[in-house]
Amino acid sequence: QNNCRNEQIVCCTVKLHPCSGFPPSGHYIRIAGVLDECIQKVERVCLLPALLADLESRSAALGDELAVALQEHRRLSERMAVRSPNQPKTESEERKALEQEFQSSLRDVLQQLQSSPAAGQALQSWRLCESSQQLVQGLKELQGVLLAKLLTNPAEERDRSRYTQEVTLRHRDNAELVSALEAEVAAAVRDRDTEISKKNDIIRNLKSSLYHMEKGCEDFVLRTQSEAERQGQSDRKSSEGRQMRLREELAGLRTQLNSLVAANRDVEMGFRKRKYKVETEIDNWIQKYDADMSEKQSELEELSASYAKEKEELRDLEERYTILEVEFRQIVEEKRLAKERKEQEERELAIKGSAALVIQAYWRGHNVRKAVRTKSKGKKGKKVKDQNSK
């Protein structure tokens, strides 16, 4: 455990100076290697109690040297468990020595487990307990956070802190808005409860009025039924006399019907002949219509075939047009880029030309000033010579 804690301290103490930027890529690899090795050691340390408990059955698969180291480590673990922390000074010194010996034994066991592939495969087949899994998961999350911290430059860190402040302010505003909305919702709920109580009172009043209406309706129905029975008896008496009159009228109407049927039979024969003639003409028209429709159908099928063919040609032309359009866009883009490069070169050439003109002007001025200085020095020398001769 102390070894793993030291590895965590090594991982956590690797930090960047605020002005140093990103470390070299080799530092990333070394830091990631240290974190991976730390996680592997933690997993092995968490699996050591189960391995020590089942050491006798697995000693043959682990090897003699590793088995001896594990037995020694188990012995030291038992001695550490027997010792109590509240002991005199001499015994506490013995305990410190025992702890150092225990740490050294743990390092040896971890090194031998790392160098033994068979032991590593045997440990991988075992599952960690829930608390150990949480510890390993926490270390992996620490690894991700540390690598993200290492890969974040100061500008990104400032942006992230600024974004965090903005999110905090936004969260505060949202909390205030939520509290205001909750107050509005509470007021709305109170209004709704008041409205519901009013509606409940109205419903109770309506139920009472409905009960009284039902009682009145029952009385009305009873009165209506008695009146209907009396009216039905009178209607039956009157309907019997009406039926007698209707039977007499029906007999007269049947006599008239027979006379009309005899009179209209000849007219019916003429109508039937006319109907037969019309039906014959209709059959002829239907046959003609079928012939015309068959011709139209054949023409329609021909037109459909030609339409499908032209549609296929149109699809091919559209595909070709799409390809040509893509090529045209590429050509236009290349021309645009070439034009931009040419304009950039012209601008650079103009800048260089103006710079050359400035340099030439400066050089000509320098030459002129130099010539003027040489002339002034020559005139001064001649004056001195004349004065000396005088």
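In this chain, residues are counted from 1 in sequence order.
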Side-chain touch Tyr307/Lys311, heavy atoms, less than 4.5 angstrom
yes
Atom CG of Asn258 and atom CG of Leu253: how far apart are they, to the nearest 0.5 Å?
11.0 Å
Which is it for Asp290 and Ser294 under the side chain to side chain contact (heavy atoms under 4.5 Å, CB included) test, yes or no, and what are the steps along the way?
CA-CA 6 Å; Asp290 291 337; Ser294 62; over 6 Å; no
Please report the interatomic distance OG(Ser208) to CE(Met213), rounded to the nearest 0.5 Å.
11.0 Å
Tyr163 side, atom OH; Glu166 side, atom CD - distance, nearest 0.5 Å:
8.5 Å
In the structure I gave you, are the side-chain heavy atoms of Phe271 and Val267 within less than 4.5 Å of one another anywhere?
yes
Can you list the steps and then say if Ile196 with Lys199 is a side chain to side chain contact (heavy atoms under 4.5 Å, CB included)?
CA-CA 5 Å; Ile196 288 172; Lys199 289 185 178 180; 5.6 Å; no
Would Arg223 and Asp219 count as a side chain to side chain contact (heavy atoms under 4.5 Å, CB included) if you check the C-alpha gap in whole Å, the side-chain angles of each, and the deciding distance to 0.1 Å?
CA-CA 6 Å; Arg223 289 194 303 270; Asp219 299 334; 3.6 Å; yes
Is Arg245 salt-bridged to Glu249, going by a charged N under 4.0 Å from an acidic O?
no
Are Met244 and Arg247 packed together at the side-chain level, in the sense that at least one heavy-atom pair is separated by less than 4.5 angstrom?
yes
Using a strict 4.0 Å threshold on nitrogen-to-oxygen distance, state whether Arg329 and Glu325 make a salt bridge.
yes
Applying side-chain contact (heavy atoms from CB on, under 4.5 Å) between Glu227 and each of Glu229, Arg230, Gln225, report the one that passes.
Arg230
Give the minimum heavy-atom separation between Thr374 and Ala371, together with the two atoms involved.
OG1-O, 2.5 Å
Would you say Ile286 and Val278 are hydrophobically clustered, going by side-chain heavy atoms of ILVMFWY under 4.5 Å?
yes
How would you list, by chain and number, every residue that makes a ring pair (Phe, Tyr, Trp, His ring centres under 6.0 Å) with His366, sequence neighbours excluded?
Trp363
Could you check whether atom CZ of Arg347 has more than 12 heavy atoms from other residues, nucleotides or ligands sitting under 6.0 Å from it?
yes
Please lay out, stage by stage, how His212 and Lys215 fare under the test side chain to side chain contact (heavy atoms under 4.5 Å, CB included).
CA-CA 5 Å; His212 295 302; Lys215 294 293 290 182; 5.7 Å; no
Is it the case that Gln344 and Arg341 place a side-chain donor and acceptor less than 3.5 Å from each other?
no
Presence of salt bridge, Glu312 and Arg315, under 4.0 angstrom:
yes
Interatomic distance, Leu357 atom CG to Arg364 atom CZ [nearest 0.5 angstrom]:
8.0 Å
For Asp235 and Ser238 the tightest heavy-atom approach is O-OG, 2.9 Å
Rounded to the nearest 0.5 Å, how far apart are OG of Ser306 and CD of Glu313?
10.0 Å
Is there a side-chain contact between Arg254 and Leu250 (heavy atoms, below 4.5 Å)?
yes
Run the side chain to side chain contact (heavy atoms under 4.5 Å, CB included) test against Lys207 and tell me which residues pass, sequence neighbours left out.
Ile203
Should Arg336 and Glu340 count as an ion pair when the cut-off is N to O under 4.0 Å?
yes
Check whether any side-chain heavy atom of Arg265 lies under 4.5 Å from a side-chain heavy atom of Val261, and answer yes or no.
yes
Which distance, rounded to the nearest 0.5 Å, do you find between the CD of Glu348 and the CD1 of Ile351?
7.0 Å
